Amino acid sequence: MHPTDFTLRGAIDALNEGIITSVELTQAHLDAIAALNPRLNAYITVTGEQALEQARASDARRKEGIAGPLEGVPLAIKDLFCTAGTLTTAGSRILGNFTPPYESTVSANLLRDGAVFLGKANLDEFAMGSSNTTSAFGPVENPWSRANDPDTRLVPGGSSGGSAAAVAARLALGATATDTGGSIRQPAAFCGIAGIKPTYGRCSRFGIVAFASSLDQAGPVARTVEDCAILLKSMAGFDPKDSTSADIPVPDFAAACARGVKGLRIGVPKEYRLEGTPPEIEALWEQGLAWLREQGAETVEISLPHTKYALPTYYIVAPAEASSNLARYDGVRFGLRVTEPNSDLRDLYERTRAQGFGAEVRRRILIGTYVLSAGYYDAYYLKAQKIRALIKRDFDDAFGKVDAIVTPATPSAAFGMDEKQDDPVKMYLNDVFTVTANLAGLPGLAVPAGLDAQGLPLGLQVIGRSFDEETVFAVGTAIEQAAGFTALPRLRAGA
């Protein structure tokens, strides 16, 4: 067995049993990164020497009988999480030289539990995108390819495309990611892995470069549902440095994976049966529901009537908050500064922001500034917030009748890098199944469940009650076990 073929759980067991050392495991992943990253571009920064140093320290702790829950496990960190002493770019030129002096709470929690950091994973610039083609450091390639068209380079999804591609290609055992409108679940589905956006407030946002503060939430991507549960246990927890962090206990998510689904009521929202959804995605959805019924669950049709307004609501709220958050990048305090002799402060702002931000970020700043401007705030932003409250109420009503909701994760399999790029609206539609969970602050899990006609992975999504990730993991595990998804991408370590 190649060292990169372990699941995260399998790697922990192998480390505990002395079958492999953290140094050996880490070196195998660094070798895989050296071989494949030049093509996939999943990492912006590789911290090889630091990773091996952390691995040696981990092996020493293990010999002394001191081992954390993630002791010696090599991970990728999305380049949206500040890492002390390591370049943190958010995929943008404007932060191309930013090395933070502090650690994000989520990455600090992982280090506390013994994890090894291989490097910083690529992403759509400031997490704005559904394809990982907007990064200032170049696009990320999905390690999967179409059976009848292997030469077409496919997107890994976004914004956490680098994290998902790294895990799928066996360049990391797991990775941190963030989800504002589907940026964990969509790339996980496109890359044939699992990924969960936990309840808003479950993981601290301190030290994560902000996109839309009322929507952003950190979570893990990994090869299995259980691996995600293990990572989330370490990532989560109350943080007094984040005013939106929830002061509630963190349960044993991995234990919940074994609960089973007997007696659970699974909601099937009729509004998610969208016209134009490919038949194979509809068929996979029905198959997923059948698997759950076979294991003792009951499926119940529910209604989420305001779902049809979710996408436009999201694309008002998210750009508005982005416009406010990204106002801090002014060329004065940190990051890129572009100026000319004898220019004034306004010129500094304009030059720095024009050259530092990419086209998609500029587009969303302009939309956000517009909907927050005098005369339009009530018509757009305030109305969007009212609809958001109605969307949350729909879910509250639904969860009075069901224990979890199952839907497709994406409206298609991964698409080509040159497809949809000229139409922002088509790109935004990739989030149609995922944005509702962000607007309502609910946990959502993507599980690989099948392949399309071209041999590309398709995923199902499980949405749960607020802070009930345990039921989400139980349902996700049931789908995962029934699906028996073992397909692997063409481009991967050890292939």
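Counting from 1, the numbers follow the sequence of the chain as shown. All values reported here derive from a predicted model rather than from experimental measurement.
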- Message: Strictly by ring-ring contact (aromatic ring centres under 6.0 Å, His included), give each pair with a member in residues 155-198 just once, sequence neighbours left out.
- Response: F190-F415
- Does any pair with a residue in residues 485-495 pass side chain to side chain donor-acceptor pair (under 3.5 Å), and if so which ones, sequence neighbours excluded? S145-R490
- Item | Test salt bridge (Lys or Arg N to Asp or Glu O under 4.0 Å) applied to R9 - qualifying residues, sequence neighbours left out | E226
- Message: Which residues pass the ring pair (Phe, Tyr, Trp, His ring centres under 6.0 Å) test with F485, not counting sequence neighbours?
- Response: none
- Residues two or more places apart in sequence or in another chain: which of them pass salt bridge (Lys or Arg N to Asp or Glu O under 4.0 Å) with D330? R333
- Task: Output, in order, the C-alpha distance, side-chain angles, deciding distance and verdict of side chain to side chain contact (heavy atoms under 4.5 Å, CB included) for L442 and Y200.
- Result: CA-CA 7 Å; L442 301 174; Y200 183 81; over 6 Å; no
- Roughly how far apart are R112 CZ and L70 CG, rounded to 0.5 Å? 9.0 Å
- Answer whether the closest heavy-atom distance between the side chains of L336 and N97 falls below 4.5 Å. no
- Message: Let's go through I196 and I184 carefully: what are the C-alpha distance in whole Å and the side-chain angles of both, what is the deciding distance for side chain to side chain contact (heavy atoms under 4.5 Å, CB included) to 0.1 Å, and is it a yes or a no?
- Response: CA-CA 7 Å; I196 184 168; I184 288 174; 5.7 Å; no
- Is there any salt bridge (Lys or Arg N to Asp or Glu O under 4.0 Å) pair reaching into residues 211-225, and which pairs are they, with sequence neighbours excluded? none
- Determine, step by step, whether L30 and L118 satisfy the side chain to side chain contact (heavy atoms under 4.5 Å, CB included) criterion, reporting the C-alpha distance in whole Å, the side-chain angles of both residues, the deciding distance to 0.1 Å, and the verdict. CA-CA 7 Å; L30 290 172; L118 296 165; 3.9 Å; yes
- Message: Just checking E53: does its CD atom have more than 12 heavy atoms from other residues, nucleotides or ligands closer to it than 6.0 angstrom?
- Response: no
- Find the distance between CG (N430) and OG (S131) and round it off to the nearest 0.5 Å. 8.0 Å
- Residues in salt bridge (Lys or Arg N to Asp or Glu O under 4.0 Å) with R363, at least two apart? E360
- Query: Backbone N or O of S213 within a donor-acceptor pair of the E321 side chain at under 3.5 Å?
  - Reply: yes
- Item | Spacing of L52 atom CG and T26 atom OG1 [to the nearest 0.5 Å] | 6.5 Å
- Message: My understanding is that only residues two or more places apart in sequence, or in another chain, count here; which of them pass ring pair (Phe, Tyr, Trp, His ring centres under 6.0 Å) with Y329?
- Response: F126, F334
- Message: Can a donor-acceptor pair be found, under 3.5 Å and without considering hydrogens, that links the side chain of S22 to the backbone of G72?
- Response: yes
- Check for a donor-acceptor pair, side chain of E480 on one end and backbone N or O of A449 on the other, with a separation under 3.5 Å. no
Return a table of donor-acceptor pairs under 3.5 angstrom between the side chains of residues 455-462 and protein atoms on other chains or two or more places apart.
unit_1	atom_1	unit_2	atom_2	d
Q461	OE1	R185	NH1	2.6
Q461	NE2	T407	OG1	2.8
Q461	NE2	F433	O	2.8

- Item | Under 3.5 Å: donor-acceptor pair, side chain of T224, backbone of D227 | yes
- Message: If we ignore hydrogens and angles and just use 3.5 Å, is the side chain of R93 paired with the main-chain N or O of Q355 as donor and acceptor?
- Response: yes
- Between T199 and F467, what is the shortest heavy-atom contact and its length? OG1-N, 2.7 Å
- Item | Side-chain donor-acceptor contact under 3.5 Å, T244 with R205 | yes
- Message: So if I apply the side-chain contact (heavy atoms from CB on, under 4.5 Å) rule between T99 and each of T83, L87, T86, which one comes out positive?
- Response: L87
- So do T307 and I391 actually touch side chain to side chain, heavy atoms under 4.5 Å? no
- Message: For the residue pair T105 / D239, report whether a side-chain donor-acceptor contact shorter than 3.5 Å exists.
- Response: yes
- Main-chain N/O of A121 paired to S163 side chain as donor or acceptor, under 3.5 Å: no
- Task: Check whether any side-chain heavy atom of R388 lies under 4.5 Å from a side-chain heavy atom of S214, and answer yes or no.
- Result: yes
- Task: Report yes if some heavy atom in the side chain of L75 is under 4.5 Å from a heavy atom in the side chain of L231; otherwise report no.
- Result: yes
- Task: Give the intermediate values and the outcome of side-chain hydrogen bond (donor to acceptor under 3.5 Å, both in side chains) for residues Y272 and T436.
- Result: CA-CA 11 Å; Y272 278 56; T436 51; 2.6 Å; yes
- Pairs involving residues 117-142, ordered by first then second residue, that meet salt bridge (Lys or Arg N to Asp or Glu O under 4.0 Å) (sequence neighbours left out): R39-E141, D79-K120, E141-R153
- Task: Please check if the side chain of N41 supplies one atom and the backbone of G138 the other of a donor-acceptor pair under 3.5 Å.
- Result: yes
- Query: Is there side-chain contact between Y43 and I33, with heavy atoms separated by less than 4.5 Å?
  - Reply: yes
- Item | Atom pair CZ/CG of R351 and D347 - distance to nearest 0.5 Å | 4.5 Å
- Task: Apply side chain to side chain contact (heavy atoms under 4.5 Å, CB included) to Q54 and L111, showing your working.
- Result: CA-CA 9 Å; Q54 290 174 340; L111 289 171; 3.7 Å; yes
- Item | Validation row: L348, V338 side chains within 4.5 angstrom (heavy atoms) | no
- Separation of E103 CD from L110 CG (nearest 0.5 Å): 9.0 Å
- Side-chain heavy-atom pair V371, P319 within 4.5 angstrom cut-off: no
- Mind listing the closest non-hydrogen atom pair of P220 and M235 along with its distance? CB-SD, 3.8 Å
- Residue list, salt bridge (Lys or Arg N to Asp or Glu O under 4.0 Å) with K392, at least two apart or on another chain: D396
- For F357 and R362, work out which heavy atoms get closest and say how close. O-NH1, 2.5 Å
- Message: Please check: side-chain N/O of S107 versus main-chain N/O of S104, any donor-acceptor pairing under 3.5 Å?
- Response: yes
- Would you check if I248 and F238 make a side-chain contact, meaning some heavy-atom pair closer than 4.5 Å? no
- Item | Distance-minimising heavy-atom pair for C82 and Y102 | SG-OH, 3.6 Å
- Atom of A194, atom of A188 and distance for their closest heavy-atom approach: C-CB, 3.9 Å
- Query: Has the side chain of E469 got a donor or acceptor atom that lies under 3.5 Å from a matching backbone atom of F253?
  - Reply: no
- Message: Quiz question: by atom type and distance under 3.5 Å, do the side chains of K78 and T176 form a donor-acceptor pair?
- Response: no
- Item | Side-chain donor/acceptor of K197 to backbone N/O of T180, under 3.5 Å | no
- Item | Heavy-atom closest contact (V140 atom, G161 atom, distance) | CG1-O, 3.9 Å
Listed pairs under 3.5 Å, donor-acceptor, residues 311-318 side chains, sequence neighbours left out:
unit_1	atom_1	unit_2	atom_2	d
T313	OG1	Y309	O	2.7
Y315	OH	D431	OD2	2.7

- Gap separating the NZ atom of K241 from the OG atom of S204, nearest 0.5 angstrom: 6.5 Å
